[in-house]
Amino acid sequence: MLNFSLEVLSPVHIGSGERITKWEYTIKDNFLEVYPYQHLIAHLLEKNPAFLQNLRILMQNKDFSLSMLKELGVDVGKPLYRIEIVGSLKTNEVELFIKSLGMPYIPGSELKGALRTAYMGGLLLADKELRESIRSRLWKINNKGELEDFGSKGKGFEESFFNPVGNADAKYDLFKAIAFPDLFFELRDLCVEVPKMIGSDKLLYACEAIKVGTKLEGKLLIERSLIDRMLRVEKLNYKHLDLSWDRLKELSNSFYSLVLDMEMEFFRNMPEVRTHLQEIKRRMEEGILLRIGKHQGYLSTTIMAVFKKEDPELFERVYDASVSQSRKEKPKTRRISSKNLTFGWVLIKRV
């Protein structure tokens, strides 16, 4: 069991799959005041139950909003919470951060999934024989269906790394020896970020995100005894697996160093973004760098960054098979915050 701290280096949004509309928030002094629908209804039931029928009628008018209701003098109570808006809202809906019992949190599975992808990418960079094996298999893909069978995010060959017997039986997944806890934090550590897309005019929803600089703590379980027991009982042989802290750091940072270099090349004409990325790369030596949540982009959520420069033709084949629209530059878009920060970077340090 290792004690660790997690520092948020750039805005992080991990969505619940829900969005609030202008019926569930108001804006005051550049703060989003949130009145979830059930919260609002509970207040009206207590204070003004006769108004509920009028409310249902008003909500059918798409131009009406909670702000207008307040202007009419209707007592809607106090917001459940209020958080600062970073940027200028351009859409009427805001994507919510995942929460449990009203508390936002970073799921341990999100951290483990990011580490798993980065670990695979680092192994491919370190092991030429393995890289050539995967490259050969990728070249055999001819259509999107075959790619989905293989794993559009590289997960179709996870058994090559973490499952020595080469099948999907979970009991042979050696990476299950790693467990991150869910990391809960306060609502005051959230803000509203307004992402913008570089390379496209498409509008993105504003989203709740963890503030840059937020620090959390937890305990990382690396259960070496489980791996030893599996290897001994099942008589498995796996040459790659080393789940020590130093090895996790080495491979993860190797992969993300490559991704950061590619991101800096993309943002070569945006010095503020480049400086931000250079600072992240400088910090990575302090611990394990991970990229989590929404707006990461294709290069961070797949292992295909490993092949982008070494075999660009293969990269384009796989990319075209895994996205819905062919583009001249692959990928051609990125998402950044209103303060020119890329999304999703966190640093995990051993304490």
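Owing to the predicted nature of the structure, the values given are computational and were not obtained by experimental measurement.
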(request) Apply salt bridge (Lys or Arg N to Asp or Glu O under 4.0 Å) to the pair Lys70 and Asp75, showing each step before the final yes or no. (result) CA-CA 7 Å; Lys70 293 177 71 175; Asp75 178 10; over 6 Å; no

(message) Between Ser10 (side chain only) and Gly344 (backbone N and O only), is there a donor and an acceptor less than 3.5 Å apart?
(response) yes

(request) Heavy atoms only: give me the nearest Pro11-Thr342 pair and the separation to one decimal. (result) CD-O, 3.7 Å

(request) Mind checking side-chain hydrogen bond (donor to acceptor under 3.5 Å, both in side chains) for Thr26 and listing every partner two or more places apart, or none if nothing turns up? (result) Glu33

(message) Quick one, Glu310 with Arg131, criterion salt bridge (Lys or Arg N to Asp or Glu O under 4.0 Å). Give me CA distance, side-chain angles, the key distance, then yes/no.
(response) CA-CA 11 Å; Glu310 189 174 271; Arg131 190 165 68 250; 3.2 Å; yes

(request) Assess whether salt bridge (Lys or Arg N to Asp or Glu O under 4.0 Å) is satisfied between Glu208 and Lys99, documenting all intermediate values. (result) CA-CA 11 Å; Glu208 293 183 332; Lys99 302 178 183 74; 2.7 Å; yes

(request) Using a 4.5 Å cut-off on heavy atoms from C-beta on, say whether the side chain of Tyr105 contacts that of Ile98. (result) yes

(request) Over all heavy atoms of both residues, which pair between Val259 and Leu299 is shortest? Give the atoms and the distance, please. (result) CG2-O, 3.7 Å

(message) Determine whether the aromatic ring centres of residues Phe4 and Phe180 are separated by less than 6.0 angstrom.
(response) yes

(request) Give a yes or no answer on whether the side chain of Thr301 reaches the backbone of Gly297 with a donor-acceptor pair at less than 3.5 Å. (result) yes

(request) Decide yes or no for Leu130 and Lys128: does some side-chain heavy atom of the first lie under 4.5 Å from some side-chain heavy atom of the second? (result) no

(message) Quick check against the 3.5 Å criterion: does Lys112 have a side-chain atom that pairs as donor or acceptor with the backbone of Pro107?
(response) no

(request) Taking the side chain as every heavy atom from C-beta outward, state whether Arg334 and Glu263 have any pair of such atoms under 4.5 Å apart. (result) yes

(request) Please answer whether the main-chain N or O of Leu289 pairs with a side-chain N or O of Ser252 as donor and acceptor at a distance below 3.5 Å. (result) yes

(request) Work out which heavy atom in Tyr256 is nearest to a heavy atom in Arg291; give both atom names and the distance. (result) OH-N, 3.2 Å

(message) I need the Asp29 CG to Ile85 CD1 distance, nearest 0.5 Å.
(response) 10.0 Å

(message) Could you check whether any side-chain N or O of Arg19 sits under 3.5 Å from a backbone N or O of Glu93, counting only pairs where one atom can act as donor and the other as acceptor?
(response) no

(request) Please tell me if the side chains of Ile134 and Phe307 come closer than 4.5 Å, counting only heavy atoms from C-beta onward. (result) yes

(request) Applying side chain to side chain contact (heavy atoms under 4.5 Å, CB included), run through Leu66 and Tyr25 and close with a yes or a no. (result) CA-CA 7 Å; Leu66 185 59; Tyr25 69 81; 5.9 Å; no

(message) Are Leu221 and Leu183 connected into the same hydrophobic cluster when the rule is that any two of I, L, V, M, F, W, Y join if their side-chain heavy atoms are below 4.5 Å apart?
(response) no

(request) Could you grab the distance from atom CD1 of Ile288 to atom CG of Leu347, nearest 0.5 Å is fine? (result) 9.0 Å

(message) Would you call the rings of His39 and Tyr35 parallel, tilted or perpendicular, taking 30° and 60° as the class edges?
(response) tilted

(request) Give a yes or no on whether Leu89 and Leu204 share a hydrophobic cluster (residues Ile, Leu, Val, Met, Phe, Trp, Tyr; joining criterion: side-chain heavy atoms under 4.5 Å apart). (result) no

(request) Locate the shortest heavy-atom distance separating Val192 from Ala206; write the atom from each residue and the value. (result) CG1-CB, 4.0 Å

(request) With the side chain counted from C-beta on, respond yes when Tyr119 and Leu243 share a heavy-atom pair under 4.5 Å apart, and no when they do not. (result) yes

(message) Donor-acceptor check, side chain of Thr275 to backbone of Pro271, threshold 3.5 angstrom: yes or no?
(response) yes

(message) Please say yes or no: joined through hydrophobic side-chain contacts below 4.5 Å, possibly via intermediate residues, are Met197 and Leu277 part of one cluster?
(response) no

(message) Is there a path of hydrophobic side-chain contacts, each under 4.5 Å between heavy atoms, that joins Met284 and Leu220?
(response) yes

(request) Could you tell me whether the side chain of His43 and the main chain of Gly77 form a donor-acceptor pair under 3.5 Å? (result) yes

(message) Just to verify, which of Phe185, Tyr81, Phe184 counts as forming a ring-ring contact (aromatic ring centres under 6.0 Å, His included) with Phe97?
(response) Phe185

(request) First locate atom CD1 of Ile20, then atom OH of Tyr37, and finally report the distance between them rounded to the nearest 0.5 Å. (result) 15.0 Å

(request) Could you walk me through whether Phe64 and Leu72 pass the side chain to side chain contact (heavy atoms under 4.5 Å, CB included) test, one step at a time? (result) CA-CA 12 Å; Phe64 213 78; Leu72 291 174; 3.6 Å; yes

(message) Do Trp245 and Leu2 have side chains that approach each other closer than 4.5 Å (heavy atoms only, starting at C-beta)?
(response) yes

(request) For atom CD of Glu272, decide whether the heavy atoms of other residues, nucleotides or ligands shown that lie under 6.0 angstrom number more than 12. (result) no

(request) Answer yes or no: is there a donor N or O on one side and an acceptor on the other, between the side chain of Arg247 and the main chain of Ser244, under 3.5 Å? (result) no

(request) State whether Glu286 and Arg350 are salt-bridged, where the test is any N-O pair (Lys NZ or Arg NE/NH1/NH2 against Asp/Glu carboxylate O) under 4.0 Å. (result) no

(message) Can you confirm whether Leu341 sits close enough to Ile336 that some side-chain heavy atom of one is under 4.5 Å from a side-chain heavy atom of the other?
(response) no

(message) Return the CH2 to CD distance between Trp345 and Gln296, rounded to the nearest 0.5 Å.
(response) 8.0 Å

(request) Locate the shortest heavy-atom distance separating Gly293 from Ile14; write the atom from each residue and the value. (result) CA-CG1, 3.9 Å

(request) Evaluate the side chain to side chain contact (heavy atoms under 4.5 Å, CB included) criterion for residues Tyr298 and Phe315: first the C-alpha distance (whole Å), next the side-chain angles of each, then the deciding distance (0.1 Å), finally the verdict. (result) CA-CA 11 Å; Tyr298 184 80; Phe315 179 88; 3.8 Å; yes

(request) Kindly say whether Glu250 contributes a backbone atom to a donor-acceptor pair with the side chain of Ser254 at under 3.5 angstrom? (result) no

(message) How about NZ on Lys339, more than 12 heavy atoms from neighbouring residues, nucleotides or ligands closer than 6.0 Å, or not?
(response) no

(message) Pair Asn92, Lys22 - check side chain to side chain donor-acceptor pair (under 3.5 Å), show working.
(response) CA-CA 6 Å; Asn92 289 327; Lys22 58 185 179 179; 5.4 Å; no

(message) Is any side-chain heavy atom of Val34 closer than 4.5 Å to one of Leu187?
(response) no

(request) Dump the intermediate steps for side chain to side chain contact (heavy atoms under 4.5 Å, CB included) on Leu248 and Leu115, then the final yes or no. (result) CA-CA 8 Å; Leu248 291 172; Leu115 181 60; 4.1 Å; yes

(request) For Asp189 and Thr214, indicate whether the former's side chain and the latter's backbone hold a donor-acceptor pair under 3.5 Å. (result) no

(request) Measure the CZ-OG1 distance between Arg335 and Thr333 for me, rounded to the nearest 0.5 Å. (result) 4.5 Å

(message) Please report the interatomic distance CE(Met270) to NE2(His276), rounded to the nearest 0.5 Å.
(response) 10.5 Å

(request) Locate the shortest heavy-atom distance separating Ser337 from Lys196; write the atom from each residue and the value. (result) O-CE, 3.3 Å

(message) With a 4.5 Å cut-off on side-chain heavy-atom distances among I, L, V, M, F, W and Y, is there a chain of contacts connecting Ile210 to Val212?
(response) no

(request) Show the numbers, then the answer: is there a salt bridge (Lys or Arg N to Asp or Glu O under 4.0 Å) between Glu95 and Lys294? (result) CA-CA 11 Å; Glu95 295 182 320; Lys294 192 174 181 178; 2.8 Å; yes

